[in-house]
Each structure stands twice: as C-alpha cells, then as structure tokens.
Amino acid sequence: MAIKLSLAPVSYYWPKQKLLNFYQQVAKSAIDIVYLGEVICSKRLEMKFKDWIDLAQLLKGSGKQVVLSTMTLIEASSECSRMRRVCEQDEFTVEANDFGAIEILSQRGKSFITGNSINIYNQRSLNILHKQGLKRWNLSVELGKQQLQKLQNNRPDNLQTEVMVWGRIPLAYSARCFTARAHNLPKDNCQFKCLDDPDGLLMKTRESQEFLCLNGIQTQSALTNNLITELNTMEDLNVDVLRINPQSQHTLQIIDAFSQVLSKKQSVDHFYQALKSYAPSGLCDGYWFGEAGMNKASIPLKQVESA
Amino acid sequence: MELVCPAGNLPSLKAAVDNGANAVYIGFKDDTNARHFAGLNFNDKKALSGLNYAKENGVKVFAAINTYAQTSGFERWQQAVDRAHDLQLDALILADIGVMDYACEKYPDLRLHLSVQASATNPEALQFYHRQFNIQRAVLPRVLSLKQVQQVAENSPVPVEVFGFGSLCVMVEGRCLLSSYATGKSPNTYGACSPGRDVQWQEKDNGVLETRLNNILIDRFQEGEKAGYPTLCKGRFEVNNNIYYAIEEPTSLNTLSLLPQLQKIGVTALKVEGRQRSPAYVAQVTKILRDAIDCMKKDPEHYQAKDQWMNELLKVSEGSQTTLGAYHRPWQ
C-alpha cells in the first residue's frame, strides 16, 4: 500500500480563528490523515470539545481520515475526565498519548493508535498493545532506522507503523510551565502567554546556540527534524504513515513537498533548499541515524544528487 | 510508611541498612537500570552478599530494572529479571511493558513494582499495569502535587510510593529525551541522563568555569561561584534576552515537612533518590528520614520537621537548596 501522510496535532496554542483558518487550508491539501486535539496543556481552551468535534466532521467531510488525540500528561482529575470524554466518543479513532487512555480504550474494546510519547521500544511491547487493540503506533522519536528495522521484522499482522518526518521534536513534559516561567508568572496565572509564541519560545545557550524550544509544559528541539531524504528507506522498511508536525508558517508547502517526493513527481533536491528555509532554527536528523537527536547525520545533498 | 533507600554499591547498602531503611533498591551492572554509571551497581556476588546483610537485619531488597529494552538487547533485560528471581529479591521495579510481560509470564509469583520511569500519573494508567501485569505498588512521578497524589492514591488499584528526598526531575520521568537529543543517550535507552562521558569542565584563563555536555554550553560560573554537574535541565540559558535557569534551578526535593499529609493520604512508602551518591550520603539521609518518620508516627498531630534535620539535608542537596517540588502546587 502507498505510504500515507499525516498531520500531527498542533502542539502550540493558536487563537481559535487562526487554527480554524489553518485547517480550512489543510482540508484542501494532500494530507491523508489529520490528528486533532489539544495535547499539551489543559488550560488552553480556545477550542472546546464541541469545537474539535465540529472541526473533525468538517475535515472528514473533505475526505480526510480524522483521529482525535488525547493529552500527553494527565495529572488532575479534570484532565482524566477530558481524556475519558475523547476515548468514549465513537465517531473517530483515538490516538492515545498516555497509558490511561490505552486502558479506557482497550476496556471499551476500541482499536486505537499510540502517539510517540507511548514508550514502545521492543517487539514484546508491540505485541502486548496489539492484543489490546493497537492498530497503528508511532515510533519513539529517539529511536532510529536500525531499531525500527528490528521492530518491523516481526511486526504483528494488520499493525501499521508511523514515523515523524518533519518538525520540531517533542522531547519532554513537565508539571511546570516554562513559558509562564519565562514571563515570571506562576502557572495558575499564566495569562496564556503561549498565545504570543505560535512556534514556541526559543531557548539558546549563552553562546547563542539555538538549542531548545519551550512550549508551555512541553520542551521541544529548536532544530527541525527532517527526513525527506529518507523516504526510500521508509518504503523499504514498510512504514505506513509519515507524520508532519505543523508549524505556524509554510505547513502547506511542507505537506506539498513530502507529497510530491513521495509520489515521485519531484526529486528531493527540488525542495531541499525551500524546506531548509522553513525550519525556524535549522535542520537535524540524528535520531534516525542512531546519533544524538540534534546532529545532522544524513549525507550532504550533493552526494544525494549524484547517487 | 516504608523507607526505601538507594544503594549504588555494597557499602551504600550497608549504610542504608545500618541507618534504618526498611528496604533498599539496587541495580545490576549494565544498562538495565537507570543509574548505569561506571563503578556503580551490583554483580551477582555483591548482590547476594548485600541481600544476606539486608535479610539478617530484616530489610528488603528491590532490584531496579527500569530502563526500556530495545529489541536487539532484550536478553539482557530477561537475564536481569531471571537474576532478581534467582536471588529471591523482594521486588522488581520495572518500567517497560515488554519486560513486565516477560516477568509476570515466567514468574507469576514475582512481586512487581511500577517504576517512576513508567510515567504513570493517573489511576487509569495504574489500572492498566495492574490488570495486565499484576503490579503490587507504583512509584509516582515527581510532577504531581500533593492534591494530585491524594487523588491518584484514593483511586489507585495498588498502594503508591512517592519520592521523599533527593535530586529533582522537573520533567515527567520516562518521557524526557533531552539527554539523548544532546548526547544520543537517554535514561530510557541507556540508563543515564547527561552521561559523564559527554561532560566537559573547562576552566578559562580569567577563572571562569564552563560546563558542557557534548560541547553544548550548559552553564558558566564566575570564579568562586559554586559549580554544579551539567545536568541538562539545570543549566542557565537565554530566553527573550534573559539569562536564567530556564527550566529548573539545581535543587533537591525535600518532603520532611509533608510527612503527616503523605501518611494521611495513604502513601505506603517514601523513596530516597541517589544510587549515584556516596555511602556517607546514604547513611546521613537514611538516618534523618528514619528519625523523621518515627517522630511523625508517634505524634502526627504535633509533628514538625526539625531545623537540625533540614540543615543536615541542605548540606547534601544539589546547589545547597531544597524544594517541596510539585507537591506544594496549589494549581493544576
């Protein structure tokens, strides 16, 4: 089967109208699967549950497969209730981002998808979750193609694999809000400062190296993970879905680039420079090659061209 | 309330036993545990000798097998489980569902505790591990507030253990990849955060000391300023043109003042962090926590953390600071 393209949930906090406008565009794009929902912070309430469902139906109507994603760090009982509400609707498949959601879904006999914060590092873990109803899983962002190869070799039948190929990398979650901290505000009076940072808040070293990106309670890489040079390998490894992390600018062009390279309508080098310019702090791909995530490990473009 | 203390080696194990621990936790000498540091941990002979010493003194021994097994090395995790079973240790502390599945299938009577590295922060998640693998206890991540610990404890299918003292992870454990982003090695895959072999200490001509992790500048200290280990999340960075501890100050968690509340909400065990620390640290922290728990049990109503305890603990704390961590958060 042809590899499909998916769009991860928007990890940043955008005003409702900006978000709805964005998905109007996404509806017309080449993306196959759209993940929806607030996955970072339960204080971000520009979109209510009903708004997400309305949006999901709109995208479904335009031919997209829609998946609802649960929050990643579930602490308060109010957050448990919200997670439960997503898991207990039957119209859309759910992406579980915490084992709590896996428990609810498997107890209800619903098949589900796991996001990349669910720790699956070996075959045995994959088998257990498959028995519980796992139908697609996301490779942990810190694992690379060697580990994936081993996991794909004995993958259970009818299980799909998804790999993140574009975007700032989700790295850590905390009870503390680093955006509020950057503004000297307590988390309970954060004044929704993350609305000011449509691509997160850059954290540099004291040598001005663009290192991490603060997104409320989440920490991301500053560099953008880009695996567009690896799409042939993805095919060889029987990866089913390639995941793009949305950003405030150029997401549509990024989707287009991946779609055209995937369908062999264009070569990688046709888009490479443009993609590079879409990454706010530069590119990386180290994890995929078994190195430090921030490394740029793929062979230089010239060698790709002459290969 | 059980006091669970760290033992990176045999002298630390004895120090914990001698000073009043109810249980000690150890790791084996490989990447199957989250303190995979050179010179630390137990081979079979040392483990047996430690186990005998603990048993003679009525103290339990747990094995932390709490990293994530990769397909290529899965046998190492199986062997660690086999070893813990053969040694007849009292419990295994596990994080990986694949490893849990192996342990409970092969040894149905083995007592399993859920490691903090499994990142279970809510009752539904705990229900999953209990239903699937019959875990008997769960160690809760340090991101939960006291109120949230209470909500989890009330609705959990198993008793909960919380961290009482030691270095503080501000990120939810098991879901932090900052270390592998910078170095290629994370607690999940390699059993160490900000590993020592990637650390550089560079003294400049002007007396300034720079600490780096895989060449990334983590912090810079003026002459005379106390320098700390470059744990990635505890450095000073620049955000919006300000230089500050953008993620977390170097500080230790200290819950002595909360003991009565922890007891009241049904916390079954209090854990001390620090298998990488010295036997002297283990002795001192164990002794103080033993005193404190005993005092609290005698008279929870009038219990107060003594200044002397707090001062002694301050001396062995990261950056000579302590905090109540997330426990004191009034907010969500």
Side-chain angles (χ1 to χ4, degrees), chain A residues 42-43 72-80 83 98-104 106 117 119 121-125 128-129 140-143 147 150-151 169 171-176 178 181-182 186-188 201-209 211-212 214 219 221 286-287 290-294, chain B residues 68-72 74 95-99 101-102 118-125 127-129 131-132 143-145 148 151 170-172 174-178 180-184 186 188-189 214 216-220 233 235-240 242-243 246-248 326 329-332:
Chain A
S42 59
K43 292 183 185 301
T72 308
L73 178 55
I74 307 287
E75 300 177 281
S77 44
S78 59
E79 292 164 350
C80 283
M83 169 176 76
D98 182 85
F99 270 98
I102 293 178
E103 173 64 10
I104 297 168
S106 61
S117 68
N119 286 335
Y121 284 83
N122 52 65
Q123 196 64 54
R124 197 151 183 151
S125 299
I128 298 160
L129 291 177
S140 164
V141 293
E142 72 168 345
L143 296 183
Q147 288 101 331
K150 294 192 177 95
L151 286 162
I169 310 169
L171 293 175
Y173 303 85
S174 175
R176 170 172 289 183
F178 306 113
R181 183 176 172 86
K187 188 183 176 193
D188 59 350
L201 184 55
L202 190 62
M203 179 181 122
K204 298 188 224 174
T205 70
R206 288 157 88 178
E207 294 173 320
S208 299
Q209 181 180 2
F211 182 33
L212 298 172
L214 306 174
T219 308
S221 64
Y287 276 136
E291 298 183 12
M294 66 186 297
Chain B
Y68 286 83
Q70 291 174 52
T71 299
S72 54
F74 199 78
D96 182 322
I97 57 171
V99 178
D101 188 50
Y102 172 77
S119 335
T121 51
N122 56 78
E124 283 82 355
Q127 185 63 43
F128 175 84
Y129 295 103
R131 187 168 62 83
Q132 288 291 318
V143 293
L144 297 175
S145 68
Q148 291 165 351
Q151 285 168 350
V170 71
M171 302 302 185
V172 60
R175 286 185 185 174
C176 178
L177 311 178
L178 293 178
S180 68
Y181 180 66
T183 72
S186 76
N188 284 6
T189 54
N214 195 17
I216 302 156
L217 182 64
I218 303 298
D219 213 339
R220 187 180 275 158
C233 60
R236 278 174 285 198
F237 298 96
E238 185 191 324
V239 180
N240 284 342
N242 295 319
I243 293 169
I247 299 176
E248 171 70 326
R329 288 187 292 135
W331 29 267
Q332 283 193 1

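Letters A, B, ... are given to chains in the order of the sequence lines, protein chains preceding strands, and every chain is numbered from 1.
Across Glu142(A) and Ser186(B), no two heavy atoms sit closer than the pair OE1-OG, 2.8 Å. In this structure, Ser208(A) and Glu238(B) approach most closely via the heavy-atom pair OG-OE1, 4.4 Å. The minimum heavy-atom distance linking Met294(A) with Ala182(B) is given by the pair SD-CA, 3.9 Å. Nearest heavy-atom pair, Asp96(B) versus Ser125(A), reported as atom, atom and distance to 0.1 Å: OD1-OG, 3.1 Å.
How far CG of Leu73(A) is from OG of Ser119(B): 9.0 Å, rounded to the nearest 0.5 Å. Here CZ of Phe237(B) is found 9.5 Å from CZ of Arg206(A). Values are rounded to the nearest 0.5 Å. In this structure, the separation between OG1 on Thr219(A) and CE on Met171(B) is 3.5 Å, given to the nearest 0.5 Å. If you take CD1 on Ile102(A) and CZ on Phe128(B), they are separated by 6.0 Å, rounding to the nearest 0.5 Å. A distance of 9.0 Å separates CG of Leu177(B) from CG of Leu143(A), quoted to the nearest 0.5 Å.
Thr121(B) contributes no side-chain N or O that, together with a main-chain N or O of Glu75(A), makes up a donor-acceptor pair within less than 3.5 Å. No donor-acceptor pair under 3.5 Å is formed between the side chain of Thr205(A) and the backbone N or O of Leu217(B). For the pair Asn119(A) (side chain) and Gly174(B) (backbone), a donor-acceptor distance under 3.5 Å is present.
For Glu248(B), the salt bridge (charged side-chain N to carboxylate O under 4.0 Å, His left out) test picks out Arg176(A), with sequence neighbours left out. The salt bridge (charged side-chain N to carboxylate O under 4.0 Å, His left out) search around Arg124(A) returns Asp101(B), Glu105(B), not counting sequence neighbours.
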Between Arg131(B) and Ser106(A), does a side chain to side chain contact (heavy atoms under 4.5 Å, CB included) hold up when you go through it step by step? CA-CA 11 Å; Arg131(B) 187 168 62 83; Ser106(A) 61; 3.1 Å; yes
Apply side-chain hydrogen bond (donor to acceptor under 3.5 Å, both in side chains) to the pair Glu103(A) and Gln127(B), showing each step before the final yes or no. CA-CA 7 Å; Glu103(A) 173 64 10; Gln127(B) 185 63 43; 4.5 Å; no
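In terms of heavy-atom pairs under 4.5 Å with chain A, the best-connected choice from Asn214(B), Ile216(B), Leu178(B) is Ile216(B). Between chain B and the options Glu291(A), Arg181(A), Lys150(A), the largest number of non-hydrogen pairs under 4.5 Å is found for Arg181(A). Contacts with chain B were tallied for Gln123(A), Glu207(A), Met83(A); Glu207(A) has the most, counting heavy-atom pairs under 4.5 Å. The choice from Ile104(A), Leu212(A), Ile169(A) that makes the most heavy-atom pairs within less than 4.5 Å of chain B is Leu212(A).
Using a 3.5 Å distance cut-off with no hydrogens or angles, the side chains of Thr72(A) and Arg175(B) do not pair a donor with an acceptor. A side-chain N or O of Tyr121(A) and one of Asn188(B) form a donor-acceptor pair less than 3.5 Å apart. Side chains of Ser180(B) and Tyr287(A): a donor-acceptor N/O pair is present below 3.5 angstrom, by distance only.
Heavy atoms closer than 4.5 Å to chain B are found in both the backbone and the side chain of Ser221(A). For a residue to count as touching a neighbouring chain, one of its non-hydrogen atoms must lie under 4.5 Å from one of that chain's; by this rule Ile74(A) touches chain B with backbone and side chain alike. Both the backbone and the side chain of Gln70(B) come within less than 4.5 Å of a heavy atom of chain A. For chain A, no part of Ala120(B) is nearby; none of its heavy atoms comes within less than 4.5 Å. Both the backbone and the side chain of Tyr102(B) come within less than 4.5 Å of a heavy atom in chain A. Only the side chain of Gln147(A) comes within contact range of chain B, judged by heavy atoms closer than 4.5 Å.
Looking at Glu79(A) and Asn122(B), their side chains never come closer than 4.5 Å, going by heavy atoms from C-beta outward. Using a 4.5 Å heavy-atom threshold, the side chains of Phe99(A) and Ile97(B) count as touching.
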